[in-house]
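Encoded as structure tokens, the structure appears first; notes follow it.
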Amino acid sequence: MKCRVCFAPIHPFMTFGKMPIANAFLEPADIRVEYFYELAPAVCEKCGMFQLMEQPDPKRMFHDNYAFYTGTSKGMDKHFSDWAHSLPVKGKSVVEIGCNDGTFLKHLERNGAITIGVEPSANVAKVAKQNGHIINRFFNGIVVEELRAQIVDADYILAANVVCHIPNINDFAGNVARLLADDGKFIFEEPYLNDMLRKTAFDQIYDEHVFMFNASTVQYAFGQHGLKLIDCEPQPTHGGSMRYTLAHKGHPSLRAAATIESEIESSRGGPYAAFYARCENKRDKLHQVFNQIQPWKTVAGYGATSKSTTVLNYCGLGIQHVNYICDTTPGKQGKLSPGAHIPIRPHSDFVKSYPDYAILFAWNHAKEIMAKEKFPGKWITYVPEVGVS
Ligand code: TMP
Ligand code: ZN
């Protein structure tokens with residue numbers, strides 16, 4: 001296997017074992033044909049890019065029934081509203097790659113931007129179409145030519161939690177560079193590798209995250225296509241993200257340079273063997289927590305998140321540990337969780353009859369959840385540390 005960025009040979013530094021697709025919630029009849037792949041991350045010794053060895057075909061993940069709607073999270077809606085307001089987009093042409101249900105586009109339009117969204121998943125794209133101009137396709141060279149025929153160049157190309165999903169990053173970077181105006185900006189944000197390492201948030205590793213970026217690897221990958229990293233800014237979303245700004249010309253800002261410096265410092269001595277050991281340790285500690293729960297007590301999962309698929313399957317947790325998972329997304333309710341086959345129930349079931357314990361799978365939304373829930377039982381958490389409180 002070769003690095004997707006620089007084509008040097010890569011080798012996995014650990015494996016999470018056989019894994020189903022994180023968002024492939026299923027009906028009981030589908031269990032027989034459930035798809036599994038080997039979830040094993042690698043770090044390229046030449047360019048430093050953190051990436052998955054094997055990734056399922058993107059068509060298996062971003063299809064006509066993509067499970068996540070951005071607009072269902074109040075926190076994310078506010079995040080995109082704040083971001084839209086921080087950008088001088090009035091009268092500018094803005095392309096959002098992977099616009100999901102159009103939440104961000106809506107805020108950009110309210111701010112006077114002329115927007116086009118590109119979104120491959122038909123169900124979320126349909127919702128986005130109510131808000132504006134959407135191309136329901138994967139972002140590729142043909143789409144770029146269509147866009148250039150419509151708007152010539154983009155003043156802004158924006159993406160959130162999308163770029164790390166795209167395996168052919170060289171193709172992608174070339175397409176972005178072609179579409180971006182000479183003085184345009186490409187701004188994207190993704191879960192931040194160094195936050196994941198620091199918090200041992202191994203559940204960020206799943207099929208959709210083919211890469212985990214940091215400023216150094218973004219600089220390398222996009223630099224190959226003439227784009228310069230000019231800024232980066234930490235974000236609290238998804239348990240710790242980074243927003244990167246790239247342009248055709250320019251130099252890293254002071255904070256971007258400082259971030260790169262800190263990443264070089266923290267990569268000394270090879271942090272990945274220690275990360276692997278901390279993952280195994282977390283798995284053992286979670287088992288100790290479940291072993292101490294009396295068998296007659298009830299345990300619910302809170303949020304049927306993509307991340308929970310890695311936790312449940314890597315830790316070997318099933319319905320005997322977590323009796324059901326509550327989630328607000330109608331499309332997930334009534335189905336079974338991927339691999340572990342735990343039933344997904346509406347959030348109203350959680351409130352109707354509180355369980356004794358709830359394991360917080362949606363830990364990245366903890367602030368929003370703690371503010372709205374009056375749960376009388378105990379929370380089980382595992383980021384940054386395993387705990388019961
Ligand atoms: P994600 O972390 O994989 O993006 O998905 C978050 C999931 O958590 C999504 O299915 C909605 C669910 N959720 C709840 O059920 N209740 C909540 O309060 C929040 C914030 C999310
Ligand atoms: Zn490489």
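As the structure lists them, so they are numbered: ligands from 1, and atoms in each ligand from 1.
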Study note, to complete from the structure: Contact region, Thr328 to ligand 1, non-hydrogen atoms below 4.0 Å, reads both
Exercise for review: Please step through side-chain hydrogen bond (donor to acceptor under 3.5 Å, both in side chains) for the pair His347 and Asp327, ending with a clear verdict.
Suggested key: CA-CA 5 Å; His347 174 260; Asp327 195 285; over 6 Å; no
Point to revise | Set of salt bridge (charged side-chain N to carboxylate O under 4.0 Å, His left out) partners for Glu233, sequence neighbours left out | key: Arg255
Point to revise | From CA spacing to verdict: side-chain hydrogen bond (donor to acceptor under 3.5 Å, both in side chains), Asn281, Arg278 | key: CA-CA 5 Å; Asn281 186 263; Arg278 292 199 304 279; over 6 Å; no
Exercise for review: Check Phe361 against ligand 1 and report side chain, backbone, both or neither, counting heavy atoms closer than 4.0 Å.
Suggested key: neither
Review point. Is it the side chain (CB and beyond), the backbone, both or neither of Asp327 that lies under 4.0 Å from ligand 1, heavy atoms counted?
Key: both
Practice item. State yes or no: do Val386 and Ile205 share one hydrophobic cluster built from I, L, V, M, F, W and Y residues joined by side-chain heavy-atom distances below 4.5 Å, directly or via other members? Key: yes
Study note, to complete from the structure: Smallest heavy-atom separation, Pro120 atom then Asn136 atom, equals O-ND2, 3.2 Å
Check your understanding: Looking at residues at least two apart in the chain, or sitting in another chain, which of them share a side-chain contact (heavy atoms from CB on, under 4.5 Å) with Ser216?
Key -> Asn214, Ile260, Glu263
Check your understanding: Once the angle between the rings of Phe80 and Trp83 is folded into 0 to 90°, is it parallel (under 30°), tilted (30 to 60°) or perpendicular (over 60°)?
Key -> parallel
Exercise for review: Using a strict 4.0 Å cut-off to heavy atoms of Ile369, name the atoms of ligand 1 that fall inside it.
Suggested key: 18 (O)
Study note, to complete from the structure: Minimal heavy-atom distance between Cys44 and Ala8, with the atoms involved, is SG-CB, 4.1 Å
Exercise for review: Go through ligand 1 atom by atom and flag the ones less than 4.0 Å from a non-hydrogen atom of Lys332.
Suggested key: 9 (C), 10 (O)
Exercise for review: Evaluate the ring planes of Tyr206 and His209, with Trp represented by its six-membered ring, and classify them as parallel (under 30°), tilted (30 to 60°) or perpendicular (over 60°).
Suggested key: tilted
Revision key, fill the gap. Ranked by distance from atom 2 (O) of ligand 1, the top protein heavy atom is Lys307 NZ, 3.3 Å
Which donor-acceptor pairs under 3.5 Å do the side chains of residues 352-359 make with protein atoms, sequence neighbours left out?
unit_1	atom_1	unit_2	atom_2	d
Asp356	OD2	Thr298	N	2.7
Asp356	OD2	Thr298	OG1	3.2

Study note, to complete from the structure: Among non-hydrogen protein atoms, atom 3 (O) of ligand 1 lies closest to Ser306 OG, 2.7 Å
Revision key, fill the gap. Ligand 1 atoms nearer than 4.0 angstrom to some heavy atom of Thr329 are 9 (C), 10 (O), 11 (C)
Practice item. Please work out whether any backbone atom (N, CA, C, O) or any side-chain heavy atom from C-beta onward of His347 is under 4.0 Å from ligand 1, and answer side chain, backbone, both or neither. Key: neither
Practice item. Could you check which of Glu373, His365, Lys372, Lys367 puts a non-hydrogen atom nearest to atom 18 (O) of ligand 1? Key: Lys372
Review point. Under 2.8 Å from the Zn ion (ligand 2), how many protein N/O/S atoms can be counted?
Key: 4
Practice item. Could you please spell out the steps behind the side-chain hydrogen bond (donor to acceptor under 3.5 Å, both in side chains) verdict for Ser253 and Asp231? Key: CA-CA 5 Å; Ser253 62; Asp231 196 16; 2.8 Å; yes
Point to revise | Heavy-atom nearest neighbour in the protein, as seen from atom 6 (C) of ligand 1, with distance rounded to 0.1 Å | key: Thr305 CG2, 3.6 Å
